[in-house]
Amino acid sequence: EVQVDAYPVPVAAIEGDNALCEGETVVLSAPEGAFSYYWNTDETTQNIEISAGGEYSVKLSNICGEDIALKNVDYHPLPDVDIAEYPYQPIEESVVLVPGSSVTLDAGQYVSYDWNKMPGDTTQYYIVNYDAVGEGSDTIAVDVFDGFCYNKDYVIIEVLDIKVPAVITPNGDGANDTFTPMNDFGWSAVKDHTIMVFNRWGDKVWESGDFLSGWNAKQNGRIVADGTYYWILEVFYGDDNVKKVFKGTLTVLGTTK
């Protein structure tokens with residue numbers, strides 16, 4: 001008896017995608033069989049994983065001979081989409097809308113678009129109106145495709161939305177002690193402001209240009225009496241310093257004299 005081992009004649013080939021996008025990987029495969037594998041990446045396995053473009057080669061070798069295959073893999077950077085970039089308001093990830101205003105988001109020129117607020121919308125531009133923004137803020141996102149790769153970007157839309165507490169309890173327990181805005185939505189659009197608080201007789205008990213720091217319910221260093229107070233907030237926003245006035249009432253409870 002004679003044992004005869006049969007070996008295939010090496011016929012090299014490389015299977016796998018011809019292109020990859022930034023941040024992706026591609027698996028390149030050589031034919032399976034009784035071969036030794038020699039990639040120009042110094043790897044010696046049948047399959048290799050790559051993350052960069054360029055020319056790749058593999059040599060298949062056995063007792064019957066050897067063969068070499070080449071493959072070029074193209075590298076494509078991701079689309080450089082930035083919907084929060086406008087000539088008149090350069091920002092990073094947020095934009096503030098004031099009453100009556102709108103903003104046009106520009107995704108740039110690509111093959112296709114997918115806006116999260118308008119599924120199926122394939123337009124380059126998305127117009128956001130002040131009245132269409134949800135409670136305080138909203139997030140607008142878009143996926144773009146440049147013919148090779150996908151990428152996405154988003155922007156947070158804030159509106160000038162002043163909310164204040166209806167009741168404060170300045171008893172020093174650290175909870176609800178001061179009269180201050182309950183959120184900071186849209187405050188970056190405010191160029192200047194004045195907050196005034198009056199008692200029921202119309203006497204001004206507090207005035208400040210720093211509402212964010214709040215009122216501790218004191219007048220001339222002493223805590224005011226329990227009761228209902230009236231406040232007026234004047235804000236100036238935008239390049240033209242447009243004035244808007246907010247008014248409301250405030251109940252002070254649990255004070256000590």
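- Phe246 and Tyr229 end up in the same hydrophobic cluster when Ile, Leu, Val, Met, Phe, Trp and Tyr side chains are linked at under 4.5 Å.
- The shortest non-hydrogen separation linking Thr169 to Ala175 is OG1-O, 3.6 Å.
- Counting heavy atoms from C-beta on, the side chains of Asp106 and Ile83 never come closer than 4.5 Å.
- You'll find the side chain of Pro8 reaches within 4.5 Å of the side chain of Phe35, heavy atoms only.
- With a 4.5 Å cut-off on side-chain heavy atoms, Thr228 and Arg200 do not count as touching.
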Evaluation steps, side-chain contact (heavy atoms from CB on, under 4.5 Å), between Ile232 and Val245: CA-CA 7 Å; Ile232 299 176; Val245 178; 3.8 Å; yes
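- Put simply, OG on Ser57 and CG on Leu70 are 6.0 Å apart, with the number rounded to the nearest 0.5 Å.
- Across Phe145 and Tyr110, no two heavy atoms sit closer than the pair O-CB, 3.5 Å.
- Residues Val26 and Glu24 form no side-chain contact, since every pair of their non-hydrogen atoms from C-beta on lies 4.5 Å or further apart.
- Annotation: Asp173, atom CG; neighbour count of heavy atoms from other residues, nucleotides and ligands within 6.0 Å is above 12.
- Taking the side chain as every heavy atom from C-beta outward, Ile140 and Leu105 approach each other to under 4.5 Å.
- The two residues Ala12 and Ile68 make their nearest non-hydrogen contact at CB-C, 3.6 Å.
- If you chain together hydrophobic residues whose side chains sit under 4.5 Å apart, Met196 and Leu250 never meet in one group.
- For the atom pair CH2 of Trp39 and OG1 of Thr44, the computed distance is 11.5 Å after rounding to the nearest 0.5 Å.
- The closest donor-acceptor contact from the side chain of Asp114 to the backbone of Asp143 lies at 3.5 Å or more, if one exists at all.
- Checked by atom type and distance alone, the side chain of Asn176 pairs as donor or acceptor with a backbone atom of Val167 at under 3.5 Å.
- Put simply, OG1 on Thr104 and CG on Asn129 are 8.5 Å apart, with the number rounded to the nearest 0.5 Å.
- Both Trp206 and Leu233 are assigned to one and the same hydrophobic cluster, defined by single-linkage of ILVMFWY side chains at heavy-atom distances under 4.5 Å.
- The environment of NZ in Lys152 is sparse: at most 12 heavy-atom neighbours from other residues, nucleotides or ligands sit within 6.0 Å.
- Rounding to the nearest 0.5 angstrom, the gap separating the CZ atom in Phe179 from the CD1 atom in Ile168 is 7.5 Å.
- Of the possible polar contacts, none joining the Asp17 side chain to the Ala19 backbone as a donor-acceptor pair under 3.5 Å is found.
- Here Asp67 contributes atom CG and Asn62 contributes atom CG; the two are 10.5 Å apart, rounded to the nearest 0.5 Å.
- Heavy atoms from other residues, nucleotides or ligands lying under 6.0 Å from CD of Glu15 number 12 at most.
- A donor atom on one side chain and an acceptor atom on the other are not found under 3.5 Å apart for Lys59 and Asn40.
- Heavy atoms only, all atoms of each residue included: Thr139 and Lys117 are closest at O-CE, 3.4 Å.
- Looking at Glu43 and Thr45, their side chains never bring a donor and an acceptor atom within 3.5 Å of each other.
- Counting heavy atoms from C-beta outward, Ser213 and Thr180 have side chains that stay 4.5 Å or more apart.
- Here the side chains of Tyr37 and Leu60 are in contact, with some heavy-atom distance below 4.5 Å.
- The minimum heavy-atom distance between Leu28 and Gly16, with the atom names listed, is CD2-CA, 4.2 Å.
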Ile50 vs Tyr56, side-chain contact (heavy atoms from CB on, under 4.5 Å): CA-CA, chis, key distance, verdict: CA-CA 10 Å; Ile50 63 171; Tyr56 292 87; 3.5 Å; yes
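- Follow the hydrophobic side-chain contacts under 4.5 Å out from Leu78 and you never reach Val73; the two are in separate clusters.
- Side chain to side chain, Thr178 and Asn216 fail the donor-acceptor criterion of an N or O pair below 3.5 Å.
- No continuous path of ILVMFWY side-chain contacts below 4.5 Å connects Val235 to Tyr230, so the two sit in separate hydrophobic clusters.
- Ring geometry for Phe211 versus His193: interplanar angle of 30 to 60°, hence tilted.
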Chi angles and distances behind the side-chain contact (heavy atoms from CB on, under 4.5 Å) call for Ser51, Leu20: CA-CA 8 Å; Ser51 59; Leu20 60 81; 5.6 Å; no
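- Across every non-hydrogen atom of Val111 and Gly147, the tightest pair is CG2-N, 3.6 Å.
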Audit row: Tyr126, Val142, side-chain contact (heavy atoms from CB on, under 4.5 Å) steps and yes/no: CA-CA 10 Å; Tyr126 185 88; Val142 64; over 6 Å; no
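- Atoms CD and OG, on Gln124 and Ser112 in that order, are 12.5 Å from each other to the nearest 0.5 Å.
- With Trp115 contributing its side chain and Thr123 its backbone, the two residues share a donor-acceptor pair below 3.5 Å.
- A heavy-atom distance below 4.5 Å is found between the side chains of Cys64 and Pro10.
- Under a 3.5 Å cut-off, the side chain of Tyr113 and the backbone N or O of Gly108 do form a donor-acceptor pair.
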